[in-house]
Every structure is written in structure tokens, then in C-alpha cells.
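What follows is a short report on a single structure.
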Amino acid sequence: VSVFVLDQNGKPLDPCSEKRARKLLARGRARVCRLYPFAIRVVDRKLADSGTQPLRLAIDPGSKATGLAIERVGAPTPEGPVMHVVFLMELVHRGAQIRDLLARRAMLRRGRRSRNLRHRAPRFDNRKREEGWLAPSLAHRVETTAAWVERLRRLAPISELAQELVRFDTQKLQNPEIEGVEHQRGTLFGFEAGEYLLAKWGRHCAYCDRGGAPLEKDHIVARSKGGSDRISNLALACRPCNQRKGARDIREFLKDDPARLKRILAQAKAPLRDAAAVNSTRQALLKSLKQTALPVEAGSGGRTKHNRVRLGVPKTHALDAACVGRVGGVENIGIPTFRAKCQGRGSRSRTRLDAFGFPRGYLTREKAVHGFRTGDMVKAVVPTGKKAGAHVGRVAIRARGSFNVQTSAGVVQGVSWRHCVVLARGDGYAYSWAEQDKGGAKSPASINLNQGGAASSPA
Ligand SMILES: [Zn+2]
């Protein structure tokens with residue numbers, strides 16, 4: 001693991017190894033200035049004494065979690081520079097919780113408004129939303145990601161940014177249906193085309209509408225019947241459908257379902273309407289990244305996947321980020337991932353309600369108990385009993401002084417405040433480290449476009 005290093009004035013220096021950080025600390029040349037993520041401050045060096053190496057911060061924004069990777073930019077290759085991974089991070093969002101909380105608030109307010117009023121004339125709908133307005137659950141994604149980019153910039157001398165902006169590169173696929181570029185497996189074009197097909201066919205099997213299962217490319221007119229490898233001759237099918245169809249002609253395969261046949265043939269010919277497949281959150285993030293005045297490279301999902309498969313990198317959010325943009329190689333991918341989960345800063349409401357809106361319990365007016373607040377990262381060393389041992393995690397306080405500690409292994413309940421020490425004050429995130437094999441959530445639907453029976457129609 002790399003350790004972030006600041007100079008005596010708090011300016012970021014090149015990150016160093018754990019071993020070197022330990023030496024600096026033991027000799028009294030450095031102090032620990034931050035635990036999450038770990039950073040030290042060297043007390044006898046200034047940034048001006050030594051330069052810094054170029055570092056790239058790459059971002060793969062997702063709906064549930066965003067991957068971030070800091071990489072040292074190395075030797076150039078035709079595909080892009082070789083990247084040496086220095087820091088991997090996964091930022092877990094809470095859009096769904098925000099949406100639910102706001103829906104609940106709206107419901108309660110509506111109830112309060114109409115409680116003693118049988119009829120209220122509808123008010124004139126003159127509310128306008130600003131250009132580029134995002135729902136709070138989406139705005140939170142953009143804001144927390146941008147905030148972490150700022151934080152990491154204060155810890156490491158980041159000189160460039162990269163963000164995955166679109167699923168597929170429309171420049172590469174300019175008139176993909178018309179130009180007659182033939183799809184080839186394993187190439188960058190193949191991956192861009194794969195992402196394009198997923199968007200075009202709505203991530204569902206064209207023959208049975210099944211979603212979530214791995215999808216394969218299917219030749220609408222079989223290769224043996226003279227069908228081409230053009231994108232307009234490709235549909236997506238699940239494996240059972242693809243195998244049932246085999247090398248048969250689509251007209252024969254779907255002779256009992258003429259409506260579907262007609263629909264598939266029409267859809268295959270029609271290019272994707274919203275070809276850019278613009279995602280407003282990603283655009284908003286790019287806009288806020290551009291305000292850093294650092295160069296920002298906008299990558300495509302097709303290229304990320306191409307890099308990941310070509311370089312044999314496992315799929316996690318953070319490692320996906322490491323593969324964003326022009327990348328010739330990725331080194332040092334085995335390091336643990338730093339995980340920051342958005343938790344919010346607690347609620348102002350002091351009354352907990354049950355499902356019917358009746359009070360279920362009351363929270364204390366004071367948010368702190370014995371100097372601890374819910375959300376603080378603590379270390380609890382329990383000397384005896386069933387919970388004996390050291391537990392590090394996010395604390396949830398109770399008025400009676402018996403706390404719960406949320407560790408990466410699970411919740412440890414009923415830990416006395418006397419055994420706890422605050423490591424870091426709550427700042428709206430819960431932190432943990434995830435090893436590579438467990439770390440990083442897998443994407444829900446594994447879509448293996450470039451493996452397995454992609455060429456299921458015999459040539
Ligand atoms: Zn199917």
C-alpha cells in the first residue's frame with residue numbers, strides 16, 4: 001500500500017511505500033496527519049527541495065459505487081502509457097437512501113398540509129428547474145465524487161484526470177450501421193460495438209426478453225447464409241436462445257412469432273436513436289472536474305473494457321477506474337482497495353416513527369455521549385468476555401454508553417465507551433479496507449460479450 005506524504009507546509013509530495021513511511025515515523029522525521037486515507041507529514045522537507053512525478057487520477061462513475069485510482073504515469077506504448085497503481089478507492093453512494101428519505105418527507109408534509117383541509121385548489125404550476133438540474137440523489141453522486149477528487153488532490157500531486165464519460169465512443173462508431181465496418185472480437189472497435197449493442201438492445205435477449213443473464217452476439221442472418229459481421233446484422237441473445245437458434249435463419253426460427261420477427265428486423269436496421277447515450281450525472285461530473293484546471297481525459301466504457309480484458313485485470317470498480325482512457329499497461333493491481341461508504345451525517349429528527357407515523361422511540365437531544373458521536377471511527381479494545389479483542393470501525397452511540405461498532409467483519413454490539421478511542425471524527429463516510437479478492441462489488445449482470453459463444457453461428 002502506498003502512503004500519502006505531505007511536506008512540512010502541507011503540500012503533497014510523491015506517495016511512498018508503507019515501509020518507508022514506517023522508517024520516517026520511527027526516526028521522528030514524519031508525523032501521522034490523517035488515518036483515512038493514511039497520510040503522513042514530513043517535518044524536514046519542502047516541496048521545492050524535490051520535484052514530483054506525474055500522477056493520474058482516473059474515475060469510473062457508477063450508480064451504486066464509483067471507482068477511483070491514482071496511478072503513476074510510466075513509459076508510453078502505442079496504446080497509451082503504462083500505469084503503476086498507487087492507490088485504489090471505491091466510493092459507495094447512497095442515492096437510494098436519499099431518494100427514500102425525500103419521498104418520506106414529501107409524504108409527511110403532504111399529510112400535514114391536507115390534514116385539516118378537505119379540498120385545496122391546485123396551485124399554479126410555475127416551478128422551474130434550472131438548466132442542468134439533477135435530482136438530489138444524483139447530485140449527491142457528483143458532489144461526493146468531486147469532493148473526493150479535491151481531497152485526493154490535497155494528498156497527492158495529481159497532474160491529470162481521466163473519467164469514463166460514455167458507454168461507447170460515438171466517434172469510433174460514427175454511423176456504425178451504415179459504414180459497414182465489420183465487427184471483430186477482441187479489438188477496441190469490438191468492445192465499443194459491444195457496448196453499443198447493449199445500449200441498442202436494452203440489455204435484454206432479443207428472443208425471450210430475458211435480462212440479467214449473460215448475453216451473446218447473435219447473427220440475425222447466419223454467417224452460413226451469407227450474413228455479415230456488420231452491427232446491423234447483430235442482435236443480443238441469451239445462451240439458451242442462441243443455441244436453440246443455431247445456424248438457422250431468423251425467419252425460420254421465429255416463424256411462430258411473426259410480431260417479434262418484425263420487431264427485431266426493424267430494430268436491427270434502425271440505428272440507436274440516442275446514439276450518445278448521454279448520462280447527465282457523468283456530464284455534470286466532467287463539468288466539475290474541468291473546474292480543477294487539470295487536463296481531463298474523457299474515456300469510453302468500451303475502451304475501459306478493452307483495456308481490462310486485454311491486460312487481464314479483474315473487474316472491480318477501482319480497477320475499472322485504473323483502466324479508463326488510454327492505458328498501455330497496469331502494474332501493481334494487487335493492492336487493497338480503500339472503501340469509503342457515504343453515510344450521511346445523521347438526521348435532525350429526534351423522533352423515530354413506525355410505519356404508520358406513530359412515535360417508536362426518541363433520540364437524545366445531545367448528539368454526543370462521553371465525547372463520542374455516531375459516525376466517528378473508533379478503536380475498541382475489549383479486555384474480557386465474548387467480545388474480547390480489538391475492533392476498529394464506525395461507532396453508533398447509545399445514551400447509556402454502550403455502543404455498537406460497525407467493523408468490516410460485522411457489527412460488534414454493546415461495547416462500553418470506556419474501551420473506545422476515537423481514531424477519526426465522523427465526516428459522513430464509513431471507512432474500511434477491502435482485499436482484492438473480496439473487494440469491489442461485482443456488476444449485477446455479467447455480460448460476457450467477448451467471451452464464449454459470440455461466434456455461435458458457424459461460419
Ligand atoms: Zn433468450
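Each ligand, and each atom within it, is numbered from 1 in the order the structure gives. We're numbering straight along the sequence, starting at 1.
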Is there a side-chain contact (heavy atoms from CB on, under 4.5 Å) between Glu192 and Ser300? Walk through the geometry before answering. CA-CA 8 Å; Glu192 300 282 10; Ser300 70; 2.6 Å; yes

With distance as the sole criterion, is a donor-acceptor pair present between the side chains of Gln53 and Arg72 under 3.5 Å?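 Yes.
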
Short of 2.8 Å from the Zn ion (ligand 1), name each protein N/O/S atom, waters not counted.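 Protein N, O or S atoms closer than 2.8 Å to the Zn ion (ligand 1): Cys205 SG, Cys208 SG, Cys238 SG, Cys241 SG.
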
Candidates Lys341, Lys64, His140 - the one meeting side-chain contact (heavy atoms from CB on, under 4.5 Å) with His93: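 Single pass found, and it is His140.
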
Does the side chain of Leu236 come within less than 4.5 Å of Tyr207's, by heavy atoms?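 With C-beta onward as the side chain, the pair stays apart.
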
Should Phe38 and Phe338 be marked as a ring pair (Phe, Tyr, Trp, His ring centres under 6.0 Å) after you check the CA-CA gap, both sets of side-chain angles, and the distance that decides it? CA-CA 10 Å; Phe38 194 70; Phe338 177 65; over 10 Å; no

Using a 3.5 Å cut-off and no angle test, enumerate the donor-acceptor pairs between side-chain atoms of residues 153-162 and protein atoms at least two apart in sequence or in another chain.
unit_1: Arg153; atom_1: NH1; unit_2: Glu150; atom_2: OE2; d: 3.2
unit_1: Ser159; atom_1: OG; unit_2: Leu55; atom_2: N; d: 3.3
unit_1: Ser159; atom_1: OG; unit_2: Leu55; atom_2: O; d: 3.1

